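Data first, discussion second: the structure below is written as structure tokens.
Residue numbers count from 1 along this sequence. Treat the numbers as computed from the prediction; the structure is a model and nothing was measured. Each ligand, and each atom within it, is numbered from 1 in the order the structure gives.
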Amino acid sequence: MSQREEYENSLKQEIRQLIKEKNAIMLAHNYQRDEIQEIADVTGDSLYLSQVSADCNAEIIIFCGVHFMAESACVLAPDKKVILPRLEAGCPMADMITAEKLKKWKAENPGIPIVAYVNTTAEVKAESDICCTSGNAISVVNSIEADEVMMVPDQNLAQHTAKHTNKKVRWWKGFCPTHHILKKRDLNKLKEEHPDAKIILHPECPPDVLEMADHICSTSGMYSYCKESTAKKFIMGTEIGILYRLRKENQDKEFFLPEVMICPNMKVTTLEDVHDAIKNLEPVITVPEEIRVKAWSALDKMLKVPRDN
Ligand code: 13P
Ligand code: SF4
């Protein structure tokens, strides 16, 4: 074993020990570094991690993901201390809409319900009627008693949802830089090399690219789809962190991914950061109570809607 591996192993053991001692739970999004997913108590997509935050018995949540996810945990579990190991782990898409911009958009379009993707700040959620994730956006929009909705901030998720509902959908012009840059030619290149591979895409990809998909779903939907499929090869259109569990859980199958798809924010958190965060119990994420209560209402409504995939 190399010195680096020995060092990593002892860090992993220390982290697990501290988590036990402090009655904490370690949650990791499906895009986190492999070594972080490996030692987390729970890995999952945004929807599943929100549900675990709301339901778990731990006193402390170590959230390995990005800022809006830790904020959602804080909103849903106000009695728990929520820690985000690296404060600067943000989401550029979430920053594409602010509460002020949303208020203005609402004033220009009175009476139309707002559906906020969970990739938003708590302030934006507080200004919204209901939240959604990539795993339930269609069901959430269908659950609303109105003929028209406005979705923020992801134009691609909104356009994908619009194709699967009878409601009129308006959208904000935000996007995820990691998914939005995916081009048909990136997929065509992989498809030429692996013609029998199925193409599985995240709805944050642009509409013309989504036309190439055999299946479109959230990150958790990707695990179940690939596990159940009889196909042996898959081209994945989402962040590279998805490969860790896919390969571990499907050793008889092969997975390919366009090399452009890396989210730097999801990769910023290291084992050292997690170790220091659990040892020192910081940085703590907080949400002002008047915002929290309103954001909770939008998230709680979402949690009552069944998953799409
Ligand atoms: P899901 O895990 O909900 O599919 O979200 C993808 C994402 O971009 C999170 O940042
Ligand atoms: Fe935000 Fe995209 Fe990174 Fe997810 S993958 S955190 S949506 S920038």
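Between Tyr31 and His179, the angle of the ring planes lies from 30° to 60°, which puts this pair in the tilted group. Ring-plane geometry between His164 and His160 is classed as tilted, the angle between the planes lying from 30 to 60 degrees on a 0 to 90 degree scale. Note on ring orientation: taking the six-membered ring where Trp is involved, the planes of Trp172 and Trp105 are perpendicular (angle over 60°, cut-offs 30° and 60°).
Between the choices Glu239, Glu204, Met69, Met266, the shortest heavy-atom distance to atom 8 (O) of ligand 1 belongs to Glu204.
Listed by first and then second residue, the ring-ring contact (aromatic ring centres under 6.0 Å, His included) pairs that reach into residues 128-159 come to none, sequence neighbours excluded.
For ligand 1, the atoms closer than 4.0 angstrom to any heavy atom of His202 are 1 (P), 4 (O), 5 (O), 6 (C). Close approach of ligand 1 to Ser218 is summarised as follows: ligand atoms under 4.0 Å from at least one heavy atom of the residue are 4 (O). Less than 4.0 angstrom separates some heavy atom of Asp45 from each of these atoms of ligand 1: 1 (P), 2 (O), 3 (O). Taking a cut-off of under 4.0 Å to the non-hydrogen atoms of Tyr31, the atoms of ligand 2 that pass are 5 (S).
Taking a cut-off of 2.8 Å, the protein N, O or S atoms nearer than that to atom 1 (Fe) of ligand 2 are Cys91 SG.
Tested against Glu239, the residues His202, Met261, Lys267 include a single side chain to side chain contact (heavy atoms under 4.5 Å, CB included) partner, Lys267. Looking at Met222, Glu228, Lys227 one by one, the single match for side chain to side chain contact (heavy atoms under 4.5 Å, CB included) with Ser224 turns out to be Glu228.
A donor atom on one side chain and an acceptor atom on the other are found under 3.5 Å apart for Glu204 and Tyr117. Between the side chains of Thr43 and Arg245, at least one donor-acceptor pair of N or O atoms lies under 3.5 Å.
Some N or O of His29 is nearer than 3.5 Å to an N or O of ligand 1, by distance alone. Residue Thr219 places at least one N or O, backbone or side chain, under 3.5 Å from an N or O of ligand 1. Looking at Ser134 next to ligand 1, an N or O pair under 3.5 Å apart turns up.
For atom 3 (O) of ligand 1, the nearest protein heavy atom (residue, atom name, distance) is Ser46 OG, 3.0 Å.
Salt-bridge formation is not detected for the pair Lys12/Glu35: no Lys NZ or Arg NE/NH1/NH2 atom is positioned less than 4.0 Å from an Asp or Glu carboxylate oxygen. Ionic pairing of Asp45 and Arg307 is present here: one or more N-O contacts between side-chain nitrogen and carboxylate oxygen are shorter than 4.0 angstrom.
Counting heavy atoms closer than 4.0 Å to ligand 2, residue Glu239 contributes nothing at all. Contact annotation: for Val66 versus ligand 1, there are no heavy atoms closer than 4.0 Å.
Ligand 1 is approached by Asn119 to a heavy-atom distance shorter than 4.0 Å.
Cation-pi check for Arg247 over Phe255 is not met; the charged atom does not lie both under 6.0 angstrom from the ring centroid and within 45 degrees of its normal.
Applying the 6.0 Å contact sphere to CG of Asn57 captures no more than 12 heavy atoms from other residues, nucleotides or ligands.
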